[in-house]
2 protein chains.
Amino acid sequence: MNGPATPPESLRARKKAHTRSTIQAEALRLFLSQGYETTTVEQIARAAGVSSMTFFRHFPTKESVVESDDYDPLIVRLIERRPPQEHPLTALHHALAEGLAAVYTTDREALLVRTRLILRTPALRARLRENQHATEQMLTAALAARSGGEPDLSLRVYASAALAALTTTLAVWVDGDGEGHLPALVDEAFLALCP
Amino acid sequence: MNGPATPPESLRARKKAHTRSTIQAEALRLFLSQGYETTTVEQIARAAGVSSMTFFRHFPTKESVVESDDYDPLIVRLIERRPPQEHPLTALHHALAEGLAAVYTTDREALLVRTRLILRTPALRARLRENQHATEQMLTAALAARSGGEPDLSLRVYASAALAALTTTLAVWVDGDGEGHLPALVDEAFLALCP
DNA sequence: CTAACTGTTGATAGCGACTAACACTTGGGG
DNA sequence: CCCCAAGTGTTAGTCGCTATCAACAGTTAG
């Protein structure tokens with residue numbers, strides 16, 4: 001049942017991956033050049049040389065085409081690596097800062113462009129918050145596992161507040177057109193939250 | 001331009017208000033009995049004895065029919081009443097707690113039912129988060145006005161973190177089917193955030 | 001090497017949220 | 001009493017998204 005009869009190197013898989021990335025690239029290009037709302041799925045599909053049907057076969061919704069890859073597992077691992085007696089907010093601070101720093105140093109420009117698009121498009125912003133809801137529960141679980149306690153109200157508050165602080169920091173960074181040093185802004189945000 | 005030629009007591013205005021509240025009531029009833037996604041605007045309109053067009057004349061979207069009335073002005077006023085030297089998070093804590101307590105004591109059951117519906121419906125949750133984005137900016141501005149400072153990163157972090165904590169508290173309250181004492185939960189949440 | 005199998009795609013049809021254009025009814029003011 | 005405008009219904013349309021069916025190409029078994 002689960003045995004992959006087609007190894008990931010097969011021609012079929014490569015073709016599929018190519019179609020997918022073409023759609024994603026064309027979508028981003030169109031969104032940035034003419035706006036998200038005014039771009040139709042039909043246009044994206046045409047630009048990628050496929051039919052609208054194929055678009056939805058690769059992406060469940062129009063919004064999902066611009067979603068970031070899942071950093072959740074990375075963050076969870078970073079949290080579990082923090083010392084157990086460390087305050088939850090401090091642990092979140094360091095784990096999130098570390099994870100973001102990795103993206104910042106390698107993909108700064110892409111991060112700026114995509115974050116700007118997301119934060120300035122209501123539909124994408126809503127989707128982002130929805131993803132954060134899932135991330136929040138992962139963070140809560142990771143915090144509970146680290147300290148050996150239960151995922152109670154305080155841990156959930158820490159997780160949601162930390163994500164809110166991170167998003168706000170990204171918003172400030174984008175508002176300043178990426179002028180400031182993002183890691184420093186993150187530190188400033190968490191410094192305010194847990195002095 | 002803005003002069004209300006028709007006083008709010010006119011028959012026309014009363015009819016309009018009546019239609020609006022009928023739509024809202026029927027929508028809520030249908031959402032609770034058969035779910036949000038599976039309820040169509042057409043059904044709501046029929047149940048309210050109007051056409052689908054009329055629905056959209058009163059509410060811009062299907063989601064907006066279940067939106068809470070705007071508590072933002074109330075909260076802003078409560079914030080401005082806090083002593084200027086008080087820590088921003090503490091000021092937000094008391095202002096939000098006070099505002100919520102008013103609703104809690106008078107409309108506890110309605111608050112529970114509506115919050116449950118919103119938090120368990122992805123589309124409504126997204127809309128809630130989108131509203132919070134606007135609320136966040138109002139809170140930031142109110143904090144800045146109170147302290148006479150600028151709406152900088154730290155104030156924005158406080159506002160977003162406080163709203164996240166409040167939402168998380170409501171989620172925990174709803175998960176426990178409204179068993180706990182909501183104001184106590186709010187205090188517990190903010191106690192964790194600013195000890 | 002061929003035949004059966006499986007995954008990717010396209011065309012068509014359709015639903016539901018939402019909008020625009022036009023005509024009709026009705027309450028309110030002169 | 002009559003004209004205006006607010007409120008509504010009808011119709012037709014766009015767009016996101018889904019379901020169904022058929023065609024075709026890559027993969028694998030015999």
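This structure is a prediction, so every number in the text was calculated from the model and none was measured.
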For Phe55(B), ring pair (Phe, Tyr, Trp, His ring centres under 6.0 Å) partners two or more places apart:
Phe59(B)
How would you list all residue pairs meeting ring-ring contact (aromatic ring centres under 6.0 Å, His included) that involve residues 146-171 of chain B, not counting sequence neighbours?
His87(B)-Tyr158(B)
OP1 or OP2 of [N] versus the side-chain N and O atoms of [X]: is any pair under 4.0 Å?
X: His58(A); N: dT8(C); answer: no
X: Thr19(B); N: dG7(D); answer: no
X: Lys15(A); N: dG26(D); answer: yes

By the side-chain hydrogen bond (donor to acceptor under 3.5 Å, both in side chains) test, which pairs, at least two apart or in different chains, include something from residues 140-153 of chain A?
Asp152(A)-Ser154(A)
Strictly by side-chain hydrogen bond (donor to acceptor under 3.5 Å, both in side chains), give each pair with a member in residues 109-119 of chain B just once, sequence neighbours left out.
Arg116(B)-Asp177(B)
Under the rule for salt bridge (charged side-chain N to carboxylate O under 4.0 Å, His left out), what residues qualify as partners of [X], not counting sequence neighbours?
X: Glu37(B); value: none
X: Glu98(A); value: none
X: Glu136(B); value: none

Using only heavy-atom distances, decide whether a donor-acceptor pair under 3.5 angstrom links the side-chain of Arg12(A) to the base of dT8(C).
no
Using a strict 4.0 Å threshold on nitrogen-to-oxygen distance, state whether Arg77(B) and Asp72(B) make a salt bridge.
no
How long is the line joining NZ of Lys16(B) and P of dA6(D), in whole Å?
9 Å
Generate the contact string for nucleotides 9-16 of chain D. Rules: B means base contact, S means sugar-phosphate contact only, - means no protein heavy atom under 4.0 Å.
BB-----S
Tell me which residues in residues 116-128 of chain B lie within less than 4.0 Å of DNA chain C, going by non-hydrogen atoms.
none
